[in-house]
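One structure is given below, encoded as structure tokens.
Sequence lines set the chain letters: A, B, ... in the order given, protein chains first and strands last, and positions in each chain run from 1.
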Protein chains: 2
Amino acid sequence: MKKKYHHGDLRRKLIETALQIISEQGLEKVTMRELGKRLEVSRTAPYRHFSDKSALLCAIAEEGYKKLSTIIGQINEQNTDDPLIRIQNVGVAYVKFALSNPVHYRLMFGNEILESKRTPELVRLAEEVFNGVLFPIKLCQDKKLIRPINPYIIANVLWTMSHGISTLLIDGQMQATTAFKGLPALIQVNEISGSADIDRVFEYLGEIIANGILER
Amino acid sequence: MKKKYHHGDLRRKLIETALQIISEQGLEKVTMRELGKRLEVSRTAPYRHFSDKSALLCAIAEEGYKKLSTIIGQINEQNTDDPLIRIQNVGVAYVKFALSNPVHYRLMFGNEILESKRTPELVRLAEEVFNGVLFPIKLCQDKKLIRPINPYIIANVLWTMSHGISTLLIDGQMQATTAFKGLPALIQVNEISGSADIDRVFEYLGEIIANGILER
DNA sequence: CATTTAATGTTGACACTGTCAATTTAATAT
DNA sequence: ATATTAAATTGACAGTGTCAACATTAAATG
């Protein structure tokens, strides 16, 4: 790609600056004009790189999908003694990704980008992520570690779980510090950072999903 | 309340019209001016009823919380032979509410209303809903039907599940028709309406949460 | 009843937005 | 060195949230 023309690397900078504005002041403060202003470029310069605002947001979502897909792919390549652990690792990684990249995550799975404006590439990448969740489940079923329920369902259950907790935490609906307080030592909230230790939360949720909640 | 002054019942109409616009064309098409236009009133008339746009959206969210809270309250008042069924009923009602009132739901639990702009009343109503989820769980634990796990955790698991599936379906990320296709007869998608039969989906998810996914 | 008061609605104004069309600048290809 | 094309600019237009000043009318008050 070499060096760029005038600005140098405006496309990249636009994405970065948009991300920064969203996390600082929220999505509605992202304007094409403000982006131009911040990057010391004219108000319509961004249109040379993104056909409209929606296209810019799509690019961010795409970036997120690629990142998440890579993370999950790497975990699935790791060898583990216990294949069940791999499922947990995928779940933990998923939620951690969401919490570390809330802006990406909201654009990926939220309603900010209208359904009609989602690019085919976006849809493809989303499927790739789902397959990454499906994979370790099938593996465990092959080894008779998980009941022979349709693996799609189980994947959807795990996805539902991971997505649910991700969005509730990201959007400040569930307070990790209180939601999991006063629990057995198993779950301990990291009081210093103020954020829950996702590994332990997921460990606990995993135990529930694994064994169920019924008395037997 | 009798008849109103000039327009009659502008406040009510503003909420209704906003809801209609959001479900037809999305949130960003709701503008104070457009609301005025549609209701044949001046562009700033809405400001006599809502201090700003955010206040209008808060009012919609509040309406949603009250509705959901009432629904869950009614279910919890019903007598059931099997208290476990009550938990399932609450979950099903929750998801059904979300699917029937997607606009309300997104405003209630999404990020459209900035965290800083949420009124205290909004927070209180959200807690009320959570308590409605907690109640039947505690009841089942009293009767030794559910393992003596901290009931808060279980409520959070159920909430996570219900919220996760609600948002994935509402935002068109999970296709109910395909996500639960090719399953045992237990789950059958309503092909006519194109929407999943939430009762059955939840029945299935409920079974998984109840008994876990592990082979034993 | 007449009159004050407060609720409700209007008009004008401002700074801001997305985005198009026409134009200019400069990097690359020839 | 010139032609081509990518990148950036300026001007324009219709739309937006919201404030301040003003107008109208319902309700409260005497």
Whether A:Y152 and A:F130 hold their rings parallel, tilted or perpendicular, with breakpoints at 30° and 60°: tilted
B:L10 CG to D:dA26 P, in whole Å, measures 15 Å
Rounded to whole Å, CD of A:E40 lies from P of D:dT9 at a distance of 11 Å
On a heavy-atom basis, the closest approach of B:P136 and B:R86 is CB-CD, 3.9 Å
B:E121 meets the side chain to side chain donor-acceptor pair (under 3.5 Å) criterion, sequence neighbours left out, with B:R124
With sequence neighbours left out, the residues meeting side chain to side chain contact (heavy atoms under 4.5 Å, CB included) with A:R38 are A:T17, A:I21, A:E24, A:Q25, A:E34
Can you give me every donor-acceptor pair (side chain of residues 45-56 of chain B, partner residue at least two apart or in another chain, under 3.5 Å) with its distance?
unit_1	atom_1	unit_2	atom_2	d
B:D52	OD1	B:S54	N	3.3
B:D52	OD1	B:A55	N	3.0
B:K53	NZ	B:V30	O	2.8

Residues 64-71 of chain A, side-chain donor-acceptor partners within the protein, below 3.5 Å, at least two apart:
unit_1	atom_1	unit_2	atom_2	d
A:Y65	OH	A:M108	O	2.9
A:K67	NZ	A:N101	OD1	3.1
A:S69	OG	A:E128	OE2	2.7
A:T70	OG1	A:K66	O	2.8

To the nearest angstrom, the CZ-C1' distance between B:R38 and D:dG15 comes to 15 Å
Here the residues of residues 41-50 of chain B within 4.0 Å heavy-atom distance, strictly under, of DNA chain C are B:V41, B:S42, B:R43, B:T44, B:A45, B:R48, B:H49
Residues in residues 15-34 of chain B with a heavy atom under 4.0 Å of DNA chain C, by number, are B:R33
A:K37 NZ to C:dT17 C1', in whole Å, measures 11 Å
Residue set satisfying side chain to side chain contact (heavy atoms under 4.5 Å, CB included) with A:P151, at least two apart, ordered chain then number -> A:L134, A:I137, A:K138, A:Q141
Every protein N/O within reach of nucleotides 4-6 of chain C N/O, cut-off under 3.5 Å:
none

- Task: Assign the ring pair A:F97 / A:H104 to parallel, tilted or perpendicular, where the plane angle (0 to 90°) is split at 30° and 60°.
- Result: tilted
Sorted by chain and residue number, the side chain to side chain contact (heavy atoms under 4.5 Å, CB included) partners of A:S166 (sequence neighbours excluded) come out as A:Y94, A:V95, A:A98, A:Y105
Sorted by chain and residue number, the side chain to side chain donor-acceptor pair (under 3.5 Å) partners of B:R12 (sequence neighbours excluded) come out as B:E16, B:E63
What residues 52-62 of chain A contributes to the DNA chain C interface at heavy-atom separation below 4.0 Å is A:D52, A:K53
Minimal heavy-atom distance between B:A18 and B:I60, with the atoms involved, is CB-CD1, 4.1 Å
All heavy atoms of B:I15 vs all of B:A59, minimum pair found to be CD1-CB, 4.1 Å
Residue set satisfying side chain to side chain contact (heavy atoms under 4.5 Å, CB included) with A:F135, at least two apart, ordered chain then number -> A:N76, A:L139
